[in-house]
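In what follows, a single structure is set out as structure tokens and then discussed.
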Amino acid sequence: MIDYLTKLVKEIEPYVPGEQRADRKYIKLNTNENPFPPSPRVKEGIYTELDRLRLYPDPECNLLKSAVSKEYNVGMENVFIGNGSDEILAFAFPAFFNDGMVAFPNITYSFYPVFANLFQTKFLEMPLNDDFSIDVNSYSDENYRRIHRKSENKEEFQRISGILISNPNAPTGIALKLQDIEKLIQNNQDKLVLIDEAYIDFGGETAVSLVKKYKNLLVVMTFSKSRSLAGLRVGFAIGDVELIDALNKIKNSFNSYTLDRLAIAGATAALLDKEYFAKTRHKIISNREKLTNELIKLDFNVIPSQANFIFVSHERIKAGDLFQKLREEGVLVRYFDKPLIDNYLRITIGTVEDLHTLVQKIKEIILNV
Ligand SMILES: *Cc1c(COP(=O)(O)O)cnc(C)c1O
């Protein structure tokens, strides 16, 4: 039989997104989507663009780029627009990481190792502290070698070409302070430092202010979480013009029209509605504090989160069991059956009604164990 598949595709283990079930109505607290609809202006923006769909979109996304550059006080030449931030993270591998090894925490966004494998980039997993925080001081040249030696990784050590940090980290929700990010960048000036700020609007401090000072910093953000546009697929990166040019070279070697007209129009409209953004963001932060307090009362260990989710464990009921029972009750949360975190659940912050239902269901489940 002829074998049509490459070795790469046979060996690759793709990312598994959180489940999107249609078998019944669920309260979806498993994929960190925003519980509020997008700004009403998004609808208008998209609607007016419909008549122009016969034309290709602007490959530079200048309308959106200009709005991002104003919002973050950077030049247009410092902005890259992508089809979701996942696409930008993917482009970063051939653009910045591929010639060496990329270092990222051993517990983080599980797409990072998937991209590394796809782009055949070796990676080094840096252990978190016992409290799940990131030790920025461990990101040093002496330490990379030491950690590589201690790891089960049989591959030969290669120069570390880049560092990939999600801030706040996923799925822990813990944020690094800006001064720690700066220390990390300073201690690694010969490496590209990519900060994935998918959750930054829920309480962390963005590193965009450091972009002018450090040429090795790339900050990546998304419209999927804080701007309620996971379904539109829009992300952006801010960095030195040389880094932006590198991303453009990769993009234009793959697909020049990664963003469609509706996405450009919708995302631009969302960015301009600052009032709606502030309102929904604050509701989520306030609901996060409410849910945290409720769960602490029920003997949960809740890791202090700066994101739109919390990472929790319970002293009497196993996370895997609680995950199953909640699903039977129509509430979806995220469970990762992986070492170190297999007794934790990641729960997305929903509306106040979601929060009450969740707490009620959890109370009933706990009473029965
Ligand atoms: C959700 C998420 C992304 C991806 O966002 P998209 O813009 O929807 O592709 C990237 N990084 C982290 C850490 C995320 O949680």
Side-chain angles (χ1 to χ4, degrees), residues 14-20 28-35 38 42 61 64 68 79-93 97 102 104-116 118 123 125 128 132 134 162-176 181 193-204 206-207 218-238 247 251 255 258-260 263-264 266-267 270-271 281 284 288 303 305-311 333-334 336 338 341 344 346-349:
Y15 176 73
V16 185
E19 47 188 348
Q20 304 281 1
K28 263 192 98 280
L29 305 177
N30 66 332
T31 48
N32 297 343
E33 287 145 331
N34 199 304
V42 171
C61 310
L64 179 54
V68 169
V79 180
F80 178 85
I81 308 287
N83 184 287
S85 58
D86 282 340
E87 184 185 70
I88 306 175
L89 297 171
F91 289 168
F93 283 78
F97 301 147
V102 56
F104 47 75
N106 61 344
I107 297 169
T108 189
Y109 187 33
S110 47
F111 224 137
Y112 300 159
V114 175
F115 287 137
L118 175 63
F123 56 92
E125 294 184 288
L128 294 184
F132 291 155
I134 291 172
I163 296 162
L164 179 46
I165 300 274
S166 171
N167 189 45
N169 197 15
T172 64
I174 300 173
L176 281 170
I181 298 274
V193 176
L194 193 161
I195 307 294
D196 177 356
E197 295 191 347
Y199 300 104
I200 201 70
D201 295 325
F202 302 108
T206 176
L218 187 74
V219 178
V220 176
M221 295 192 209
T222 177
F223 282 77
S224 295
K225 316 283 167 46
S226 58
R227 299 192 190 263
S228 304
L229 287 174
L232 202 61
R233 312 306 305 130
V234 184
F236 57 95
I238 296 177
L247 289 171
K251 182 191 97 153
N255 174 7
T258 52
L259 265 87
D260 63 58
I264 296 170
L271 198 59
R281 188 161 77 116
I284 290 172
R288 177 181 72 210
I303 294 177
S305 167
Q306 303 290 322
N308 69 336
F309 56 83
I310 51 174
F311 203 48
V333 297
R334 192 89 196 257
F336 301 93
K338 290 204 293 204
I341 56 169
Y344 283 82
R346 190 195 70 188
I347 306 175
T348 303
I349 305 303

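Counting starts at 1 for both ligands and their atoms, in listed order. These numbers come from a predicted model, not from an experiment.
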Pair Thr258, Asn83: side-chain N/O donor-acceptor within cut-off below 3.5 Å: no
Kindly write out the residues that satisfy side chain to side chain donor-acceptor pair (under 3.5 Å) with Ser85, not counting sequence neighbours, or none if the list is empty. none
Just the distances, no angles: every ligand 1 N or O to protein N or O pair closer than 3.5 Å, one line each.
residue	atom	partner	partner atom	Å
ligand 1	5 (O)	Ser85	OG	3.1
ligand 1	7 (O)	Ser85	N	2.6
ligand 1	7 (O)	Ser85	OG	2.9
ligand 1	7 (O)	Thr222	OG1	2.5
ligand 1	7 (O)	Ser224	OG	3.3
ligand 1	8 (O)	Ser224	OG	2.6
ligand 1	8 (O)	Arg233	NH1	2.7
ligand 1	8 (O)	Arg233	NH2	3.3
ligand 1	9 (O)	Ser85	N	3.2
ligand 1	9 (O)	Asp86	N	3.0
ligand 1	9 (O)	Asp86	OD2	3.2
ligand 1	9 (O)	Arg233	NH2	2.7
ligand 1	11 (N)	Asp196	OD1	3.4
ligand 1	11 (N)	Asp196	OD2	2.6
ligand 1	15 (O)	Tyr199	OH	2.5
ligand 1	15 (O)	Lys225	NZ	3.0

In terms of ring plane angle, is the pair Phe91 and Phe80 parallel, tilted or perpendicular, where the classes change at 30° and 60°? perpendicular
Between Phe223 and Phe236, is the ring centroid distance below 6.0 Å? yes
Side chain to side chain donor-acceptor pair (under 3.5 Å) involving Tyr199 - partner list, sequence neighbours excluded: Asn32, Lys225
By ring pair (Phe, Tyr, Trp, His ring centres under 6.0 Å) - contacts of Phe104 (at least two apart): Tyr112, Phe123
